[in-house]
Number of protein chains: 2
Amino acid sequence: MPVPLYQAKADFFRTLGHPVRVRVLELLQHGPLPVRDLLAGIDVEASNLSQQLAVLRRAGIVTSTREGSTVVYALSSNDVADLLRAARRILTDMIAGQGELLAELREAEHTRPG
Amino acid sequence: MPVPLYQAKADFFRTLGHPVRVRVLELLQHGPLPVRDLLAGIDVEASNLSQQLAVLRRAGIVTSTREGSTVVYALSSNDVADLLRAARRILTDMIAGQGELLAELREAEHTRPG
DNA sequence: GATGGACTTGAAGAAGTTTTCAATTGGCTA
DNA sequence: TAGCCAATTGAAAACTTCTTCAAGTCCATC
């Protein structure tokens, strides 16, 4: 019996639910990078980054290969970029929606009932 | 100063990172539903479902409207369906990748080096 | 205005995640 | 092979989220 798909999805989303991990995936969208470069692009301690990379590796979302004395990370699936794009669209929508709500509220101040 | 986008994305993914919440979004993909119907489609206590619905509401991912004595939930953005589709693609890829890995391992048993 | 059904809330303990730091591994070069 | 740099690991403390249960609100109907 396989893990139900909604459970697998939940685990997957939970894995993405950390700012450092999202940042790593954004940086890897354009191609593989050594840890050194990830470290340069994210404001975090090396050991903390390693912990977060381990979470992504265990989930199978990224792969790592040693090249001499450095380690290079890459996305396991190119679809990760699609997912991040979809997330951006939703967040943009939601923020726009909040903007409208705010505008309505402001308007209500001028046209209050009573 | 806005919340950085990667932080907003992480919060958003964390919000999706629970099996009941994923199931709710899947059920709402085809249109709004009353709590009663969500409850019928998810194996969870009413009060637990309410807690999870509250998480989705606070995050702005769903909206609720009271209709008489029942409460109806709906997705705030239609893009949520795209996101779930992208997640399904990635998971399918990853499982297929694992299948290949497994096949390679099995093959290695027959052609072992030495 | 009392009763019942539908849903939500508050709060407390259990369970899980994150951060941090010291210790460790692997590879390169003197 | 000693020393160094890059990255990882293990473990404990701090923090967050999840589950559960009792109590609460809101509406409809009697």
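In the text below, chain A, chain B and the rest are named by the order of the sequence lines, each starting its count at 1.
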Shortest non-hydrogen contact between A:Pro32 and A:Val72, atoms and distance = CB-CG1, 3.8 Å
Return the minimal non-hydrogen interatomic distance between B:Leu33 and B:Leu28, and the atom names on each side.
-> N-CD2, 3.8 Å
By side-chain hydrogen bond (donor to acceptor under 3.5 Å, both in side chains), which residues pair with A:Thr15, not counting sequence neighbours?
-> none
side-chain hydrogen bond (donor to acceptor under 3.5 Å, both in side chains) against A:Ser50, all qualifying residues, sequence neighbours excluded =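 With sequence neighbours excluded, A:Ser50 shows a side-chain hydrogen bond (donor to acceptor under 3.5 Å, both in side chains) to no residue whatsoever.
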For residues 51-67 of chain A, which residue pairs qualify under side chain to side chain donor-acceptor pair (under 3.5 Å), counting only residues two or more places apart or in two chains?
->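 Sorted result for residues 51-67 of chain A: A:Arg21-A:Gln52, A:Asn48-A:Gln52, A:Arg57-A:Tyr73.
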Please determine which of A:Val20, A:Val71, A:Val24 meets the side-chain contact (heavy atoms from CB on, under 4.5 Å) test together with A:Leu53.
-> A:Val24
[X] has an atom [atom1]; how far is it from atom [atom2] of [N], in whole Å?
| X | N | atom1 | atom2 | value |
| --- | --- | --- | --- | --- |
| A:Asp37 | D:dA6 | CG | P | 12 Å |
| B:Leu53 | C:dT9 | CG | P | 10 Å |
| B:Asp43 | D:dT20 | CG | P | 11 Å |
| B:Gln7 | C:dT18 | CD | P | 12 Å |
| B:Leu39 | C:dG5 | CG | P | 15 Å |
| B:Leu49 | D:dC21 | CG | C1' | 16 Å |

In this structure, CG of A:Leu56 is separated from CG of A:Leu75 (nearest 0.5 Å) by 9.5 Å
So what does B:Ser50 hit on the nucleic acid, given a heavy-atom distance under 4.0 Å: a base, only sugar-phosphate, or nothing?
-> base
Within the structure, does a side-chain N or O atom of B:Tyr73 lie under 4.0 Å from either OP1 or OP2 of C:dA6?
-> no
Output every pair passing salt bridge (Lys or Arg N to Asp or Glu O under 4.0 Å) with a member in residues 26-39 of chain B, not counting sequence neighbours, ordered by first then second residue.
-> A:Lys9-B:Glu26, B:Arg23-B:Glu26
Please tabulate, for side-chain N and O atoms in residues 80-91 of chain A, each donor-acceptor pair with protein atoms closer than 3.5 Å (sequence neighbours left out).
residue : atom : partner : partner atom : Å
A:Asp82 : OD1  : A:Arg85 : NH1          : 3.2
A:Asp82 : OD2  : B:Arg89 : NH2          : 3.0
A:Arg89 : NH2  : B:Asp82 : OD2          : 3.0

With the sugar-phosphate defined as primed atoms, P, OP1 and OP2, and the base as all remaining atoms, what B/S/- string results for nucleotides 22-30 of chain C, 5' to 3', for protein heavy atoms under 4.0 Å?
-> -----SS--
Close N or O pairs between protein and nucleotides 16-19 of chain D (under 3.5 Å):
residue : atom : partner : partner atom : Å
D:dT17  : OP1  : B:Arg14 : NH1          : 3.1
D:dC18  : OP1  : B:Arg21 : NH2          : 3.4
D:dC18  : OP2  : B:Arg21 : NH1          : 3.2
D:dT19  : OP2  : B:His18 : NE2          : 2.8

